[in-house]
Every structure is written in C-alpha cells, then in structure tokens.
Amino acid sequence: MTKISVTGSKEHLEDVIEELHNLQLMDINQYEGELDTGEPVSEAEDLSELLVDVRSLLSKMPELEVENEEVRIGEVQKDIRQVKEEIEGLNQQEEELEREIEQTREKKQFFKKLKETKLEINNLKPSETLDVFIGKLDASKFEANVGVDDYQLFHSKSADVVVYSKRKADRIETALEEAARDRFKLPKTNFSGTCQEVYKKLDKKLSRLEDRCSEIETKEASIAEEWRGKLVYLETYLTEKIEKAEAPIKFATTQRTFTAKGWIPTDSFEKIEERLAEVSKGKIHIEKAQQDEKEQIPVKHENNRAVKPFESLTDLVSVPRYNELDPSFILLLTFPLFFGFMIGDAGYGITTGIVFLAGMKKFPQAAKIFKALMWTSASTVIFGLLYGEMFGTQIYQSPFYRGDLWTPFFYLSIAIGIAHINLGLLIGAYNEYKQHGLMEAIFAKLSWILLQVAAVAGYFTFTNYGTVPGALVGIGIATPTLIMLLKGEGVEGIVEIPSLISNILSYARLFGVSVAAYSLAGTVNAIADPAMSSGSLLGIALGTTVLLFGHTLLTFLKIMEGFLQGIRLHYVEMFGWFYEGGGKKYAPFGAKQS
Amino acid sequence: MAIGSFPAIGAALAIAVSAIATAYAQAKIGSAGVGALAEDDSLFGSVLILTAIPETIVIFGLVVSLVVAGFI
C-alpha cells in the first residue's frame, strides 16, 4: 500500500471524484487538520431527501420480483409524491379493513357458540328487571346450589346462557360464580334477530370485507409492478450518487483548491496518476505522502484463487495487520484436512457437498464461505475412501479402517496437535522476525519449541538412562529456554506454559468427534437394520425411510460438528500462538462493501 | 477391554461432570454472546471463539476418562 495525496483546483473536483469512484482503488482518509473540510456538492441534500422517500416507499410496497428498470431522476421526482400518497392511502385502508375483519371474526365466533340456543339477540341484553349470564357453566352444580327458580337456563354445545330476575340476583350470582367455568362478553353489533341469523349476517359481512381487502391488495400490487423496478434501480443509483456528492467532506480545501489523502495499492500509482491527469487535463498534482504516526495502513488480502474463499474465514476472527502473515493459507491447508479426518465418510462427503452447493446458490452473499467449505467435502470423500467408509458401512477392507484403530487414532490426534501448534509458532517466529528482528523471534516464539524439545529429550533420557540423567537433560535444556522465554514474552510467557499443554490436548477432539461421527452413522444403520432384513416390502420401506431421515439429519449434524470443531482448533488453539489481527480493511472509494 | 465397576463409574463421572460444566459455561457465554451480536454483528468471530473456549473442559474430561478406563 502507498499513501498518496491528490491536490488540484476546485474546478476539477467533480471530475476527480467521478474518476476515483470509477477506479475503485483509493481508500480515502478523513482529513483532520487546520484547513476546512469540503462541503458536499449542492445537490446532495435534495438527493438524500429523494433517497429517503424512495426507501420509505419501497418499504410500503408489497415485495414483488421485478426486473430493475432504468429511469431518470426527474421522472420519478415528479410523480413520487403522488404515488406515495396513493400507496399510503391504500395501506391505511388495508389496515382499517384488517382491524374490522379481526373484530368481525371475534363476533362471529361468539354467535357461533350461541347458535343452538335460538335466543334473540335482544334477549341477551340486560333489561330493567332481568340480568343475563353468558358463559360456560357446570349446569348441574349451578342448579343444585342456586335454591331459587327465578331464572331460565339455555344450553348450547359450547356456551350456556342464564337469564335471571334482578330481585334474586344475589343468590343466583353467587351460585353462578361457583359454577361458572368461563364468561363471554356480548359484543356490540347493529344486527338483530336470533343468534343463528346474526351469525349468518356476520359471515356475509366478513366475506364482503375480505373481498374489499383483496381488492386493495391487487391495487397495491399493480402499483408495485409499475414502480418497484424503477425504485430499486433508483435506490442503487442514488446511493452511489450521494456517495460521490458527499466525498468532499473527507477532503481538505482552501478557497480554490482541494487535497485528498488516502491509500492505494502500490502498483496502481501510475494508473491513478495517468487517469486523473487525463480527466483534469494535466492540472492535478499527485505525490506519495508521509504516513502519519500511529496511522493504520489498510490491508488488502492478496492470495491466489484457491486461498481466496478462506479469507472470509480469517476476517471472521479479525483482519490481519499490515505487516503480518495472512493466515488464510493455513486455513486452506489444514481446515479441510481436520474436517475430513473427523467426518471421514465418502457418503457424507457427497451429501455435505450437495448442501454446500445449495447454500452457494441460495445465499450468494455467503458464497465465499460455502466455496471454502466445498474443500472440506472433497477432503471428507478422500478420507472416507481411505478409511473405507460410506454412510457408516465398511465398503472394503481398508488398512486404515477407524473402527479397529481407535488407540492409534487418539495418539495421531495429539501428534497432529503438536505439529499444528508448532507450525503456528514458526509462523509467529516469522512475524516477529519481520516486525522486531531475529532475536525477538528466537526469544518469544522459538523458545516455546525448545521447551517442547526439553520435555521430549528429558523423557527419553529418563526412560533409557534413569531418573537423574533424565532430570539433568530436561532441566539443562529447559532453564536457558525459560530465561529466553522470560526475556521474549515477559512473565506472561511463564504463566502461559500450561496453556501450551492444554492446547495440544485440545486436539483430542479430533479423535472425539471422529468416534462420534463413526458411531452415529453406525447407529442409524443399526436402527434400520431389523426392518431392512425383515424381507417384507413394508419393512424395506420403513428401513429406507429411517436411513434417509437418519443420514439427512446426520449430514447437518456433521457439518456443524466438523465446521465448529475444525475451525475452533484454528481460531483458539493455533491462531493464539501467532495471530494478532486488528487490521483495518482496505475499503476503496466506489467499491461495494460486502 | 474389561475394567472394574469403580473405574467404570469414575470414567463416566469424569466425562459427565465435565460435560455439565462445559454446558453451563457455554450457556452463560452463549447467551451473553447473542446479546452482543444483537448490538454489533461484526463480533461474530470473537463470540464464536469465546463460546468455544470452555469446550476444553470436556476434552480434559474425555482424556481423564480414557486414562481411567485404561484406553491410554
């Protein structure tokens, strides 16, 4: 990356911005200093207002799949108010109708319960002398308790009505209180007649309201069909336009000139110089600028096509710093290997591949991650063939069949852990060497490797020559190593020693998940086996269903396990030994930010 | 391989208790992490790492139970 400063006369400001936007190369810095910053181009405010309108209108329209349609701003600006009013009016009507429909439905529900009582709606309203209970009643309990007969009880399947004299209200209400299971409130309605009739009228009203509502929806859809494509186009167009109009806010300006500073990829300096000179007819000054103290240089990943998809997995933790090794290639190297090692089944390799392919199609914004995951599927197939496994069944007599080799697999997992962490330490040493020199690399990172050498050498001397020589060799190598470590990483380094052991042991999960993956697939097969071997057609159908369901479920389970366990071994166990991150991502002006 | 009842119970306890401990820790970290993600979803990577940290406990449990069971 190179920092440049672009200085020119204000009359070329717009052309320069336009060209920088097209080039998509310069990550423009915000100017902070004594000079004034630029003002947004005069039309920015109008455009922003229009964009707000466009967005609010889009949110009010029904979502339709419409092709984007090119349109001029003026054309939309003229009509947008009217369309907005129209659609807001329709939205409001729709809301009111929906509310009314909801209320009518509730009323209909109420009268449906009372349909069989044949009561007139007027009889349900309290009068001067009579009161009414509507609800659900334990009728026998009520009749046994009430003790007076100044009431009449009407039954229906899901509701009871008690009409009673107000003179005996005390006793009857107490009895009702004890026997009532539920109470319903008589809703307000303008209809008259028996409950049955009111129910029918409400039903008719409901379908009328629903018709009107769908009419409004059709109107909204036709507006959306006409406008949505244009508005979506305009939204993108305006966003870009406003971005350009507001760019001068980051520039330093005087009355007649402007200066913009920012970062570009070093090899594109000449291209920018040439193009800007062309649009300003040579009246522009571009020079390499000084990096401010403490200023972070933006970082752009530079990897080949194979590693590219893994960049997003690196950025998920943190963007690398400028002078730090980009660990994406490590992810390409070992993440699929771990995934395949754990899941290791040719059948699941294929099914997970199908899932990732579908994911790539369905979620284009996450396509990069799915592309990275395709590697894990390939590795799962390869390991599956190596182990001789397909959907939990042994397909041939492989010398590496996991089911017979669990103990070696455990030790292999730990060995992979030691290799992986030491690889991390070596990368850490390289980073230290680049940033702080050779001595720091040896003290801070290589001392960790020496510490392991001390432990191993001590152990082997102990087993071959006895305790005292073993201790002597171990301590002999460890003491200077510890002093180096103390010098390189300080007290923290000494405190961190147990975490070296715990990180290595953590790779036992490779073995653990491997056991789980192997046994889970076997379990599904074992469940389906009795049905499959029964010989009857029904049995085979049942067995096939179990197999399909089980292995589909396991495919997703294994994706989750393989991904999470595989990636965390990198993020937590390995990256911790060398990766700092915290870089600033290179975001050139004009490029779409993902 | 055949092992006695007490080592078997010990091995089971080693993995069971450490699994519960991991679950408890992950539940706490996970719910706090989701809360943080609701505020700022660029934290996904860090939340993933924080949630993964207690898993080491259950791996230790696994190792101990394998040792007790005489597997290694």
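In this text the structure is predicted, and so the values were computed from the model without any measurement. In what follows, chains are A, B, ... by sequence order, proteins preceding strands, each numbered from 1.
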Considering only distance and modelled atom types, tabulate donor-acceptor pairs under 3.5 Å from the side chains of residues 32-41 of chain B, sequence neighbours left out.
unit_1, atom_1, unit_2, atom_2, d
B:Asp40, OD1, B:Ser42, N, 3.0
B:Asp40, OD1, B:Ser42, OG, 2.8
B:Asp40, OD2, B:Ser42, OG, 3.3

Throw together a table of side-chain donor-acceptor distances under 3.5 angstrom for residues 3-20 of chain B, partners on residues two or more places apart or in other chains.
unit_1, atom_1, unit_2, atom_2, d
B:Ser18, OG, B:Ala14, O, 2.7
B:Ser18, OG, B:Ile15, O, 3.1

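Within 6.0 Å of the CH2 atom in A:Trp375, the count of heavy atoms belonging to other residues, nucleotides or ligands does not exceed 12.
Partner A:Tyr387 forms a ring-ring contact (aromatic ring centres under 6.0 Å, His included) with one of A:Tyr401, A:Phe409, A:Tyr518 and no other, that one being A:Phe409.
Within the 4.5 angstrom heavy-atom criterion, only side-chain atoms of A:Leu564, from C-beta onward, approach chain B. For a residue to count as touching a neighbouring chain, one of its non-hydrogen atoms must lie under 4.5 Å from one of that chain's; by this rule B:Ile49 touches chain A with backbone and side chain alike. Of the atoms belonging to B:Ile53, heavy atoms from both backbone and side chain fall under 4.5 Å from chain A. Heavy atoms of A:Arg509 lying under 4.5 Å from chain B belong to its backbone as well as its side chain. Heavy atoms of A:Tyr411 lying under 4.5 Å from chain B belong exclusively to its side chain. Looking at A:Tyr507, there are no atoms closer than 4.5 Å to chain B (heavy atoms on both sides), in backbone or side chain.
If you check the side chains of A:Glu496 and A:Trp448, you find no donor sitting under 3.5 Å from an acceptor.
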